[in-house]
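Right, one structure below, let's go through it.
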Amino acid sequence: MLNRQGRPTTPGTSDSAAPHTFTGNRALDQTEPLLFEVGRLETTGVDYEAPKKVKARLGGLARKGEIGLPGLSEPEAMRHYVRLSQKNYGIDTGLFPLGSCTMKHNPRLNERMARLPGFGDVHPLQPVSTVQGALELMHTLAHWLTELTGMDAVALSPKAGAHGELCGMMAIKAAIEAKGEAETRRIVLVPDSAHGTNPATAALLQFEVRPVPVREDGTVDPESVKALLGPDVAAIMLTNPNTCGLFEKDIVAIADAMHDAGAYFYCDGANYNAIVGKARPGDLGVDAMHINLHKTFSTPHGGGGPGSGPVVLSERLAPFAPVPFVRHTDQGFELVEDTHQAEKHGAHSFGRITAFQGQMGMFVRALSYMLSHGADGVRQASEDAVLNANYIRAGLADLMSLPFGNKPCMHEVLFDDHWLKDTGVSTLDFAKAMIDEGYHPMTVYFPLVVHGAMLIEPTESESRASLDLFIATLRDLAMAAKRGDKERFTGAPYFAPVRRLDETRAARNPVLKWMPPEPISEAAE
Ligand SMILES: *Cc1c(COP(=O)(O)O)cnc(C)c1O
């Protein structure tokens, strides 16, 4: 199917085995060209008359050329966006096994709470006296986060997990500076099983990153940490549960070693959902840890809403927490907004990490999730998440290979590509074939410590029936790969609106601007 500009509307579908349709649509799966390709620059979708006799008050900034927006009728514009939304695969459409991302159900109750006018319509610049309820909510959320983690303080303002890491490491840096050790403590240890954002965070703060090898069983040996310790080490950034889906069983020994060396222990707790209600990071010797509300506490990811990555801090780091923070006084709740104000309360805040107070809507959703589940419900959610991951492990272990042996995992199960050897099918091919079966693929080629990684995280959202269907699907695919049905994989996805994309080229040469098409006669040559 060619559009008006003579270009295929769905690049990649033309070589499909399926018959062509006149429109390029596949039944109710409609192709969706860009707005610029459906609309026309010379028409307009609105019928306002040009205003007469109005004196321009634009101070010479009036537009000189055409704005270049295509004209569309209201239904055309609406359909464009609704169709785009239908191309989205999300947790609301099916199982989303992306490991390390915790794509879990976002309860609708949370959405209702976030839309209550007192929360939904609040403005960050409103006088504090008019937002007492919102501040109380933040204060209550902070209370539960410190309670659940066994930590002293929490910075609510970071807007994502990676942002929380930056915040926690800035607190560590401030604490080191306060001790006058900024010149010497320049190294941050990062195990090979850490999330990629950990070394990036350390590097961003001008620390030198030193990798810690992972031992045979996928965890960190405290002896390898001790071997690297010295007066030049600022901190370790350890992901727990780590990216292999394993609990770092020697975490206390590692924490003790860090503290004995005068260094800090940053724990990447993005996947706190695997241990919440079971283990408290404060008891494990953690100094700073971010919690992704969009993972553990069910607030939506990405397009569904912004992330939020509060950081809990130990007693040693609490004074260095960023502003703003909420305080409860006899007169109600107040917002401590700058470092001078913070100093009056005995804090040596490193400053501000974001404008305003953080993601208010996410705070409402997260607290709603916590309160509707209660302490026992939150613990049950983490137990179920771990149970579900192990159910998948047990259902696939005879066909697919486990890099660290068939042993219990945490909230996610990691396979490698050893079992695909000599099949001519790669991890990528396998993932693409899952799309044809209606599943979003698992995380692939991450973590880097195992070859051809496939990291599956079902979360607690899935019922046993849905897990059984997922396992049966993966078993069918695995047997097809072993049988030599290579084409089912190497050509996949066959049924997606667009097929194999040149992802490397797309990343290297992103086309971010629509350019008017060349005349059809030239394009046809
Ligand atoms: C998701 C994740 C992060 C990053 O969180 P964002 O909100 O995506 O910035 C960091 N570490 C781990 C282990 C994660 O799973």
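Keep in mind that this is a model prediction, so the values were computed, not measured. Below, each value reflects all heavy atoms present in this structure, side chains not excepted, and no hydrogens, waters or symmetry copies.
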Can you check whether [X] reaches [Y] side chain to side chain, under 4.5 Å on heavy atoms?
| X | Y | answer |
| --- | --- | --- |
| Arg500 | Asp429 | yes |
| Phe495 | Asp29 | no |
| Leu35 | Tyr81 | yes |
| Met454 | Leu420 | yes |

- line: Rounded to the nearest 0.5 Å, the OG1 atom of Thr427 sits from the CG atom of Asp417 at a distance of 4.0 Å
For [X], what residues pass the side chain to side chain contact (heavy atoms under 4.5 Å, CB included) criterion, not counting sequence neighbours?
| X | result |
| --- | --- |
| Ala480 | Arg483, Asp485, Arg488, Phe489 |
| His195 | Ser100, Thr197, Asn198, Thr239, Thr243, Asp268, Phe446 |
| Leu41 | Pro70 |
| Ala160 | His163 |

- prompt: So, Arg393 side chain and Asn388 main chain: donor-acceptor pair closer than 3.5 Å or not?
  reply: no
Assess the side chains of [X] and [Y]: does a donor N or O sit below 3.5 Å from an acceptor N or O?
| X | Y | value |
| --- | --- | --- |
| Lys104 | Ser461 | no |
| Ser298 | Asn110 | yes |
| Tyr266 | His290 | yes |
| Ser157 | Gln357 | no |
| Ser308 | Gln359 | no |

With a 4.0 Å cut-off, would you call [X] and [Y] a salt bridge?
| X | Y | value |
| --- | --- | --- |
| Arg327 | Glu337 | no |
| Arg475 | Asp468 | no |
| Arg115 | Asp121 | no |

message: Applying salt bridge (charged side-chain N to carboxylate O under 4.0 Å, His left out), can you list everything that pairs with Lys486, at least two apart in sequence or on another chain?
response: none
query: Which residues satisfy the salt bridge (charged side-chain N to carboxylate O under 4.0 Å, His left out) test with Lys52, sequence neighbours excluded?
result: Glu49
Got a sec: does the [atom1] of [X] have more than 12 other heavy atoms crowding it under 6.0 Å?
| X | atom1 | result |
| --- | --- | --- |
| Glu42 | CD | yes |
| His105 | NE2 | yes |
| Gln132 | CD | yes |
| Arg352 | CZ | yes |

- prompt: Can you check whether Trp144 and Tyr369 have ring centres sitting under 6.0 Å from each other?
  reply: no
field: Geometric class of the Tyr89/His440 ring pair [parallel <30°, tilted 30-60°, perpendicular >60°]
entry: tilted
